[in-house]
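The next block holds one structure in the form of C-alpha cells; read it before the comments.
First listed ligand is number 1; within each ligand, the first listed atom is number 1.
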Amino acid sequence: MSLDAVLAEIRACRACAGELAHAPRPVVFVRPQTRILICGQAPGRRVHESGLPFDDPSGERLRDWLGVDRETFYGHPAIGVAAMAFCFPGTNPAGGDYPPPARCAQLWRPRLLDALPNVELTLLVGGYAQAWALKGAAKANMTQTVRAWRDYLPALMPTPHPSWRNTAWLRRNPWFEDEAAPYLRQRVREILTA
Ligand code: SF4
C-alpha cells in the first residue's frame, strides 16, 4: 500500500469514536522522504487542537535535543512524526493524559512503517514506543532502557518523553542531556545534511 493511501485511511479513522470524549482527530506527520521518525505517545490537547505534532512546550524541548529549529522540524522532509496513537486520548482525573489506545498501533503501525522505507533513525520517545518497538529487548523500565541507548543504535534510539512532567527525571539523569542528546544532535545533523 502506498504512503498516500495509508495516510488517507489513517486520517479517516474513527475507530475510537465510541471511547473518546471528543471526536477523533488523527495527527500523523510523515512524508515519503522521512528518514528520522519520531515516535511519541499520543497527541496532547494542544496538538489535538492545532493538528501539528509537538506544537507545544514538549516540542520545544524535543527540538533542543534534536538541534533543529521549528522551521526545520516542520519543513525538512526527512523529519517525520508518528506517535503510538494518532488521536488525543483525553485527560485523566489526575490531570495527565490517558495512555494511547493500543488499537491504534495494532491497526496502523505495521502498514505505516512498511510505507516508510527510507527511515534510518527511529526515536522511541517514552515507554509506550519503547515497549512496542523493542519488545523483549527493552530493559526493566524506561530509565534503564534510555540509559542503554547505545545498545539500540544505529536504527533505534530510546529517549524520555520531553514533557515538563519529566523535568525532574532529567535532573536526576543528567547523562541524558550530557551524553545522549549531543549524540542525537550530531546524528540528526549528519542525516539532514547528507
Ligand atoms: S487513535 Fe488511532 S485507531 Fe483510534 S481513532 Fe485515532 S487514528 Fe483511529
Side-chain angles (χ1 to χ4, degrees), residues 1-63 73-119 121-135 138 142 145 155-166:
M1 189 182 253
S2 73
L3 180 60
D4 280 351
V6 183
L7 289 175
E9 287 201 26
I10 290 172
R11 288 177 179 135
C13 180
R14 298 295 179 267
C16 301
E19 295 154 29
L20 300 177
H22 48 272
R25 184 186 191 188
V27 176
V28 56
F29 189 84
V30 293
R31 290 162 276 208
Q33 307 95 318
T34 296
R35 295 169 67 200
I36 301 166
L37 184 64
I38 299 161
C39 302
Q41 183 166 321
R45 183 175 297 283
R46 186 159 152 184
V47 172
H48 173 68
E49 285 161 5
S50 75
L52 208 53
F54 286 107
D55 181 26
D56 54 15
S58 292
E60 294 304 313
R61 178 176 273 161
L62 176 66
R63 286 183 276 279
F73 186 82
Y74 294 113
H76 199 298
I79 297 178
V81 182
M84 291 306 297
F86 301 131
C87 297
F88 171 49
T91 306
N92 66 38
D97 288 353
Y98 284 114
R103 168 194 293 125
C104 196
Q106 289 160 6
L107 272 177
W108 299 116
R109 211 150 187 83
R111 271 189 278 176
L112 180 65
L113 298 186
D114 279 354
L116 292 171
N118 297 311
V119 172
L121 173 64
T122 300
L123 293 192
L124 305 173
V125 181
Y128 291 101
Q130 289 158 22
W132 191 87
L134 300 178
K135 302 196 170 54
M142 189 278 287
T145 301
L156 303 172
M157 183 163 176
T159 76
H161 197 281
S163 162
W164 62 270
R165 290 173 179 274
N166 278 336

Quiz prompt | Closest protein heavy atom (residue, atom, distance) for atom 2 (Fe) of ligand 1 | solution = C104 SG, 2.4 Å

Quiz item: Run the salt bridge (Lys or Arg N to Asp or Glu O under 4.0 Å) check on E49 and R46 step by step: do they pass?
Solution: CA-CA 5 Å; E49 285 161 5; R46 186 159 152 184; over 6 Å; no

Self-check item: Heteroatom test (N, O or S) for C87 near atom 4 (Fe) of ligand 1, limit 2.8 Å
Solution: no

Quiz prompt | Flag side-chain contact, heavy atom, 4.5 Å: L112 against L7 | solution = yes

Practice problem: Measure the distance from atom 5 (S) of ligand 1 to every protein heavy atom, then report the residue, atom name and distance (to 0.1 Å) of the closest one. | Solution: C16 N, 3.4 Å

Quiz item: Which heavy-atom pair separates A105 from P110 by the least distance, and what is that distance?
Solution: O-CD, 3.3 Å

Quiz item: Which heavy atom of F54 sits nearest a heavy atom of P162, and at what distance?
Solution: CE2-CG, 4.1 Å

Quiz prompt | Heavy atom of the protein closest to atom 8 (Fe) of ligand 1 (residue, atom name, distance) | solution = C13 SG, 2.3 Å

